[in-house]
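First the structure, in the form of structure tokens, and then the observations on it.
Remember, predicted model here, so these are calculated numbers, not experimental data. Reminder, nothing fancy here: chain letters follow the sequence lines and each chain counts from 1.
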Amino acid sequence: MRAPTNGPDVAAGDVLLAVENVSLSFGGVRAVSDVSFDIRKGEIRAIIGPNGAGKTSMLNVINGFYHPQEGRITFKGQTRPKMRPYEAADGGIARTFQNVALFRGMTALDNIMAGRSLKMNKSFFWQLLRYGPAMQEEVEHRARVEEIIDFLKIQEIRRIPVGRLPYGLQKRVELGRALAMEPELLLLDEPMAGMNLEEKEDMSRFILDVNDHYGTTIALIEHDMGVVMDLSDRVVVLDHGEKIADGTPDEIKSNQAVIDAYLGVAH
Amino acid sequence: MLYREAGQFKTDYASDQAIFPILQDRIGLAVILAVAILLPFANNDFLTNAVMIPFMIFTLAAIGLNLLTGYTGLLSLGTGAFMGVGAYACYKLTSIFPNVNILIWVLCSGFFAAAVGTVFGLPSLRIKGFYLAIATLAAQFFLEWCFIRVSWLYNYNISGAIEVPQRTLFGIIVTGPRATAETRYYIVLGFLVLMTWAASNVVHGRIGRSWMAVRDMDIAAELMGIRLLPTKLLAFAVSSFYCGVAGALMVFLWYGGAEPTVFNINQSFTILFMIIIGGLGSLLGAYLGAALIFILPIVLRFAPEVLGLHIHAATVEHITYITTGVLIIFFLIAEPAGLARLWQVGKQKLRVWPFPY
């Protein structure tokens, strides 16, 4: 396994995902230019930056929605060719969205069950009968889903269509749906946007627990600096599509380029 | 009071994942099934032949379209044509192999419809909503053209229509003019019950969840590892299968013969209205929608006579149209999500009665 190209040696573990010299542009707009960083196994990696810095584009590149024009991505030691989102899912990358992207007409339970689609493989024939192997599979996965429901403490909203749930709970169900995939790498796009302090504290606890319990590697985008500095092992900072800093929270706090990007420079 | 699930504890996930977890629902279903089975003993040929058989066939087609439009969110205007594929396939199959059991051919004709539906479902990967509806409209017009122009399909019959030959099953005549209404009723009922059961199994399992996931948020669905094209094509195939069987039943067990105009765009719209009024994404909705659009006008037509009012037949016809239209608008305003939702809300009210919530 390749040694990390940059960044201090904080979180132990091998490199799970490496982004090398990735550039992405839409027509004349350069969303990401020449960005390299890595995510190591078991760490919580934050991606921060001012609005329009290319953070979400970066996540979209990682899980295959966008195909970068230049650069390459190595996941689990393999340099990936161009891939579709379902292939990324198959490889063990799960994701939540900035604006909740739940299946609104389905119950919380069904949403999380849908997260296990990849792990269910009984044929159409058995599905038709809903008997034998298909039912057995259904029950097995239901048991796993119930573990996640217990973990996220959403037992009482199982049967409620998610469209009717308050925002904070929707975010939690979305996290549950991503966890149901048992991912190796979990991408969280602003998991705390629009939450009050209490909800943020709850969500932070869940993120730490997921990292601890399941050993899931997490990459998250977040604007609340307090949360970022407390949760993450390492932080990468983007601005105008370029990487301006990479390091531990303490290093980032005192980095002049980061302070300039956030607060502006006196001219 | 009676409708409470209190005291019905689930001790394993299998019983909690059951399709009718509440005992009262299961009893109700059993009663409805019993009534359906005993209905021909009422000895009312009009009821079985002109009301129930068409109602069940429309329901089957509505279930088919609902799997595609209600569950997977793909709007289709080709229902009539897919029903036609089923009917013509069944006709050709039974003309070429007259000795094979006709019921087998009815089922097989569904596979022909499924194949055709899958082909016309291919554009669904790229286009959605109204635009997809237009693409399926192409299927409607193309297939209708085939039914008129390709004379091989109707065995070069001069009239351009298909006539159902007489076929027997274990010595009982099941198709053709000499088949009794009871026999045909039970066959259609059998198909409807079995296929409703299968549809409900599919939509409650992995496949149903992936269909609904594609409907509600296709980007997130893809991210869960659900591949869009196979999922959508499966929906097209299963939906067209149901429509094809419904079409074959319609010609072989109801009409006894058919011209291409039976499967025109009006048929597609009728089925679409049924599922919109009944409830998108609900199997019960297919039943309720078919009942409202098909049975209600019949009931209204006979209402004045039963009530002892002497109204001119033409006036009754007008009143029927007006009342049906008004009721459709009323139900759509009362509950845009369809009659099935209305039923659910009612059930919830019943559950907590006499308390408001």
Side-chain angles (χ1 to χ4, degrees), chain A residues 60 63-65 84-97 100-106 109-124 126-131 134-143 145-146 158-159 161-163 174 177-178 180-181 187, chain B residues 5 10 12-22 70-73 114 125 194-231 234-235 237-238 241 279-282 337 341 344 348:
Chain A
N60 284 341
N63 65 12
F65 274 127
R84 305 284 308 154
Y86 61 79
E87 290 167 323
D90 208 17
I93 301 180
R95 152 102 187 250
T96 69
F97 289 80
V100 181
L102 285 169
F103 309 129
R104 296 181 63 83
M106 298 160 72
L109 179 64
D110 277 346
N111 264 278
I112 303 177
M113 284 292 277
R116 296 197 68 84
S117 298
L118 262 182
K119 311 220 178 280
M120 301 174 81
N121 52 15
K122 292 295 174 284
S123 68
F124 185 73
W126 287 113
Q127 299 279 338
L128 269 183
L129 302 180
R130 198 180 163 78
Y131 186 75
M135 199 61 205
Q136 203 182 329
E137 183 181 53
E138 189 90 358
V139 168
E140 263 167 40
H141 288 275
R142 172 75 194 274
V145 165
E146 284 299 325
R158 272 194 204 98
R159 299 281 182 192
V162 291
E174 201 187 15
R177 188 181 65 182
M181 294 170 66
L187 309 174
Chain B
E5 76 265 38
K10 306 287 181 295
D12 53 44
Y13 290 131
S15 58
D16 197 43
Q17 292 282 71
I19 289 163
F20 293 103
I22 300 175
Y71 281 94
T72 322
L125 183 68
L194 279 178
M195 288 174 75
T196 305
W197 173 71
S200 127
N201 286 343
V202 169
V203 299
H204 281 89
R206 167 178 64 88
I207 292 169
R209 280 193 296 268
S210 59
W211 282 346
M212 289 186 277
V214 168
R215 172 194 69 191
D216 285 345
M217 187 66 73
D218 51 357
I219 295 174
E222 210 179 354
L223 224 114
M224 314 266 91
I226 295 168
R227 302 177 60 174
L228 296 185
L229 187 61
T231 309
L234 181 65
V238 176
F241 179 88
L280 290 168
S282 156
R341 175 64 64 78
Q344 266 187 346
Q348 179 59 24

inquiry  = Among L129(A), I93(A), N111(A), which residue has the highest count of heavy-atom pairs closer than 4.5 Å to chain B?
reply    = L129(A)
note = With sequence neighbours left out, the residues meeting side-chain contact (heavy atoms from CB on, under 4.5 Å) with M217(B) are A101(A), F103(A), A220(B)
remark   = Of R209(B), R227(B), H204(B), the largest count of non-hydrogen pairs under 4.5 angstrom with chain A goes to R209(B)
inquiry  = Given heavy-atom pairs under 4.5 angstrom as the criterion, report whether the side chain, backbone, both or neither of L109(A) touches chain B.
reply    = side chain
task = With a 4.5 angstrom heavy-atom cut-off, could you sort out which part of R116(A) is near chain B: side chain, backbone, both or neither?
result = neither
With sequence neighbours excluded, residues passing salt bridge (charged side-chain N to carboxylate O under 4.0 Å, His left out) with E146(A) = R142(A), R158(A)
inquiry  = Counting heavy-atom pairs under 4.5 Å with chain B, which one of G163(A), G115(A), A143(A) comes out on top?
reply    = A143(A)
ask   = Would you find more than 12 non-hydrogen atoms of other residues, nucleotides or ligands less than 6.0 Å from R130(A) atom CZ?
value = yes
inquiry  = Which atoms of M135(A) are under 4.5 Å from chain B, going by heavy atoms: the side chain, the backbone, both sets, or neither?
reply    = side chain
key: Per-residue contact mode, A180(A) against chain B (heavy atom under 4.5 angstrom)   = neither
query = Using non-hydrogen atoms only, which part of F65(A) is less than 4.5 Å away from chain B: side chain, backbone, both, or neither?
reply = side chain
request  = Counting only heavy atoms closer than 4.5 Å, note whether D90(A) contacts chain B via side chain, backbone, both or neither.
outcome  = neither
task = Starting at OH of Y86(A), measure out to CG of L229(B) and round the result to the nearest 0.5 Å.
result = 9.0 Å
Any donor-acceptor N/O pair, K10(B) side chain to P21(B) backbone, under 3.5 Å = yes
ask   = Quick one: what part of D12(B) sits under 4.5 Å from any heavy atom of chain A, side chain, backbone, both or neither?
value = neither
ask   = Can you check whether E138(A) reaches M120(A) side chain to side chain, under 4.5 Å on heavy atoms?
value = yes
message = Test your reading of the model: is there a side-chain donor-acceptor pair from Q17(B) to the backbone of V139(A), 3.5 Å cut-off?
response = no
ask   = Any idea which of V238(B), I226(B), V202(B), L228(B) has the most non-hydrogen atom pairs under 4.5 angstrom with chain A?
value = V202(B)
inquiry  = Testing the basics here: between L128(A) and N201(B), what is the closest heavy-atom pair and its distance to 0.1 Å?
reply    = O-ND2, 2.7 Å
inquiry  = For M181(A), which atoms come within 4.5 Å of any heavy atom of chain B: side chain, backbone, both, or neither?
reply    = side chain
message = Looking only at heavy atoms and a cut-off of under 4.5 Å, which of A221(B), S200(B), S210(B) has the most pairs with chain A?
response = A221(B)
query = Are the side chain of N63(A) and the backbone of A88(A) linked by a donor-acceptor contact shorter than 3.5 Å?
reply = no
